[in-house]
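See structure below.
The basis for the numbers below is simple: all heavy atoms, side chains too, and nothing from hydrogens, waters or symmetry mates. In what follows, every chain begins at residue 1, and chains take the letters A, B, ... in the order their sequences are listed.
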Amino acid sequence: MNSARLTGGFFTRDVLEVAPDLLGKNIVVKKKDAEARCRITEVEAYRGEDDLACHASKGKTARNYIMYEHGGFIYVYFIYGMYWMLNVVTGPAAEPQAVLIRAVEGFAGPGKLTRELGIDRSFYGENLEKSARIWVEEGPLQGSVATGHRIGIDYAGEYWMTRPWRYFIV
DNA sequence: AGCAAGATCGGT
DNA sequence: CCGATCTTGCTG
């Protein structure tokens with residue numbers, strides 16, 4: 001039925017491979033009777049406990065434990081008192097990595113796209129390979145991939161702040 | 001129990 | 001540039 005749905009093998013690779021590969025793919029969210037299907041246009045990679053910008057930099061907590069699972073799960077968290085951030089867990093188990101979805105076609109901004117798609121806490125831990133309400137579908141990459149530094153993580157220090165781990169379509 | 005900070009956004 | 005708004009994790 002959903003032959004184009006991406007499966008586990010896509011997500012269990014290193015986050016620095018998965019993040020750019022997600023560009024052009026479609027995030028699908030089922031709402032009531034309709035399906036919202038949006039092309040991913042901008043993402044950021046967060047990679048392991050060494051990465052001071054990654055939520056796992058201080059070890060496993062009640063908030064981030066899903067990042068320690070193998071790739072393919074959804075990690076959502078609430079920030080600034082009003083926005084939900086949508087992330088895709090990547091890599092093998094016990095290596096905390098995730099891709100933040102920063103923009104999709106039509107909705108630029110990680111807080112705005114979750115509001116539009118209706119993503120909230122209830123999506124925490126959803127399995128993209130099996131979930132009936134959220135998954136990722138194959139899609140062509142139109143344009144080329146550009147990189148840049150990650151946004152809003154100045155607290156992580158010069159080195160991590162300047163990793164070119166934001167990827168977007170131009 | 002209290003507090004400071006935050007992977008944002010929209011209005012000055 | 002600044003405030004909104006509240007969960008989380010750390011400190012005591």
Side-chain angles (χ1 to χ4, degrees), chain A residues 10-27 29 31 36 38-128 134 136 145-170:
Chain A
F10 179 90
F11 302 105
T12 51
R13 296 173 297 148
D14 190 276
V15 68
L16 296 184
E17 290 182 42
V18 179
D21 274 4
L22 277 172
L23 295 175
K25 304 293 189 291
N26 293 294
I27 181 90
V29 180
K31 344 168 60 169
C38 303
R39 179 153 305 179
I40 298 169
T41 56
E42 182 178 9
V43 299
E44 279 176 1
Y46 288 87
R47 190 169 184 271
E49 295 186 339
D50 293 341
D51 178 1
L52 294 184
C54 179
H55 284 171
S57 64
K58 290 167 186 164
K60 188 186 286 189
T61 68
R63 175 173 72 156
N64 69 19
Y65 73 86
I66 196 69
M67 292 181 78
Y68 287 78
E69 280 295 332
H70 60 76
F73 291 94
I74 288 292
Y75 169 43
V76 288
Y77 63 89
F78 195 54
I79 192 69
Y80 298 124
M82 52 190 108
Y83 302 108
W84 294 100
M85 299 287 107
L86 173 63
N87 300 256
V88 174
V89 174
T90 69
E95 265 187 53
Q97 309 181 337
V99 177
L100 168 67
I101 309 299
R102 288 196 64 85
V104 297
E105 207 165 68
F107 306 111
K112 294 202 303 195
L113 72 90
T114 53
R115 195 178 57 199
E116 293 298 330
L117 295 176
I119 303 292
D120 61 18
R121 166 114 259 169
S122 72
F123 282 80
Y124 189 101
E126 284 284 331
N127 186 334
L128 289 171
I134 185 168
V136 181
V145 178
T147 62
H149 65 85
R150 295 175 291 178
I151 305 296
I153 57 152
D154 292 6
Y155 61 85
E158 180 72 13
Y159 180 79
W160 296 106
M161 188 171 52
T162 55
R163 292 313 86 202
W165 291 354
R166 180 165 55 95
Y167 306 86
F168 52 101
I169 298 177
V170 290

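- Put simply, A:Y46 rests on the base of B:dA7: the two rings are less than 5.5 Å apart at their centres and nearly parallel, under 30°.
- When rounded to the nearest whole Å, the span between NE2 of A:H55 and C1' of B:dA5 equals 11 Å.
- Between A:R166 atom CZ and B:dA7 atom P the separation is 16 Å, expressed in whole Å.
- Contact of A:Y77 with B:dA7 (side chain to base): a donor-acceptor pair of N or O atoms is detected under 3.5 Å.
- One interatomic measurement links the two molecules: CE of A:M67 to P of B:dA7, which rounds to 11 Å at whole-angstrom precision.
- Applying side chain to side chain donor-acceptor pair (under 3.5 Å) to A:Y75 and the options A:H55, A:Q97, A:E69 leaves one that passes, A:H55.
- Here the P atom of nucleotide B:dA5 and the CG atom of A:D154 are 15 Å apart, to the nearest Å.
- Distance A:I151 CD1 to B:dC9 C1': 14 Å, rounded to the nearest Å.
- Ranked by how close their nearest DNA chain B nucleotide is to the 5' end, A:Y155 and A:R115 are led by A:Y155.
- For A:Y83 and C:dA4, the OH to C1' distance is 8 Å, given to the nearest whole Å.
- Contacts of A:G81 with the nucleic acid, taken as non-hydrogen atoms under 4.0 Å apart, include base atoms.
- The pair A:D51-A:R163 does not meet the salt-bridge criterion, since no charged nitrogen lies less than 4.0 angstrom from a carboxylate oxygen.
- For C:dC2, the paired nucleotide is B:dG10, the pair qualifying as Watson-Crick or G-U wobble because both relevant distances are below 3.5 Å.
- The distance from atom NZ of A:K60 to atom C1' of C:dT8 is 17 Å, rounded to the nearest whole Å.
- Between B:dG10, B:dA7, C:dG9, one nucleotide has an atom nearer to the side chain of A:K112 than all others, and that is B:dG10.
- Using modelled atom types, no side-chain atom of A:R115 and backbone atom of A:G111 make a donor-acceptor pair closer than 3.5 Å.
- Here A:R150 lies out of heavy-atom contact (under 4.0 Å) with every strand.
- Nearer to the 5' terminus of DNA chain C, by closest-nucleotide assignment, is the contact made by A:M82 (compared with the other of A:R121 and A:M82).
- Checked against A:I134 for a side chain to side chain contact (heavy atoms under 4.5 Å, CB included), the options A:N127, A:V88, A:I27 give a single hit: A:I27.
- An OP1 or OP2 oxygen of C:dT8 is reached within less than 4.0 angstrom by no side-chain nitrogen or oxygen of A:K58.
- Two rings, from A:Y124 and A:Y65, have their centers less than 6.0 Å apart.
- As judged by a 4.0 angstrom heavy-atom cut-off over every strand, A:I153 is placed among residues touching the sugar-phosphate backbone only.
- Using a 4.0 Å heavy-atom cutoff across all strands shown, A:Y80 reaches at least one base atom of the nucleic acid.
- Residue A:I101 contributes atom CD1, which lies 14 Å from atom P of B:dT8 at whole-angstrom precision.
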